[in-house]
Amino acid sequence: GQSLEQPSEVTAVEGAIVQINCTYQTSGFYGLSWYQQHDGGAPTFLSYNALDGLEETGRFSSFLSRSDSYGYLLLQELQMKDSASYFCAVRDLNKFYFGSGTKLNVKP
Amino acid sequence: DTGVSQDPRHKITKRGQNVTFRCDPISEHNRLYWYRQTLGQGPEFLTYFQNEAQLEKSRLLSDRFSAERPKGSFSTLEIQRTEQGDSAMYLCASSWTGGDTDTQYFGPGTRLTVL
């Protein structure tokens, strides 16, 4: 079967750095994506890794290790507006599997 | 605004009734996806279209669910004989094959409540 594991909740203070891990087990793998979803909103794309290594986009970075079936999302200089749920998602050819999400609480 | 749109935004129905949702993707996008999301969970893949062809369908989709994308533009998702367990947010997303980041753009969703 397919499974994606990520922590259910993380709390951090404004200005800090937080890392959200994702381990996956899928029959096929074409890439790992990260999405942000605020309460009541739609998921929005943050980053994508198809190959091993680090991808940086502003305050957000994402890392992938295909040999370890592992990735993480790194959020730097946390802001209150970063309080949201974060989902990792694996593409398996034409299917996409999402984790159950990590709720990030940013405190002042 | 040229983002993904979904209609209706909310639907309340009685158990056993049929419902149909519509999704209008971003105009230049040829890929379209349907997901279901329940509270506290991630989106659950339902089906995928490339142009008008339905290339993938989750086995989670029972015979009561069907999706179409007749002209490769908008798509509809129909649920027949609704059950209380069908209550969820139904999300549509679109993307295009020319991208290298697999970015999916999500619509606001249709919230279904089955009484």
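Numbers restart at 1 for each chain; the letters A, B, ... are given by sequence-line order, proteins then strands.
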Where does B:Glu44 contact chain A at under 4.5 Å (heavy atoms): side chain, backbone, both or neither? neither
A:Tyr72: which residues meet the ring-ring contact (aromatic ring centres under 6.0 Å, His included) condition with it, sequence neighbours left out? A:Phe63
Just checking, A:Arg91 and A:Phe29: is the charged tip under 6.0 Å from the six-membered ring centre and within 45° of the axis? no
Check whether A:Tyr35 gets within reach of chain B through its side chain, its backbone, both or neither, counting any heavy atom under 4.5 Å. side chain
Under 4.5 Å heavy-atom distance to chain A, tell me which part of B:Tyr33 shows up: side chain, backbone, both or neither. side chain
When you measure from the side chain of A:Asn49 to the backbone N and O of A:Ser62, does any donor-acceptor pair fall under 3.5 Å? yes
Cut-off 4.5 Å, heavy atoms of chain B, and the answer for A:Phe87 is side chain
Looking at B:Glu56, B:Met89, B:Gln50, which one has more heavy-atom pairs under 4.5 Å with chain A than the rest? B:Glu56
Report the option among A:Pro43, A:Gly101, A:Ser100 that has the most heavy-atom pairs separated by less than 4.5 Å from atoms of chain B. A:Pro43
Engaged part of A:Glu55 at the chain B interface, taking heavy atoms whose separation is under 4.5 Å: neither
Under 4.5 Å from a heavy atom of chain A, the part of B:Arg31 involved: side chain
Is the shortest side-chain N to carboxylate O distance from B:Arg15 to B:Asp86 below 4.0 Å? no
Ignoring hydrogens and geometry beyond distance, is a side-chain donor-acceptor pair present between A:Gln6 and A:Thr102 at under 3.5 Å? yes
Measure the acute angle between the ring planes of A:Phe98 and B:Tyr35, then classify it against the limits of 30° and 60° as parallel, tilted or perpendicular. perpendicular
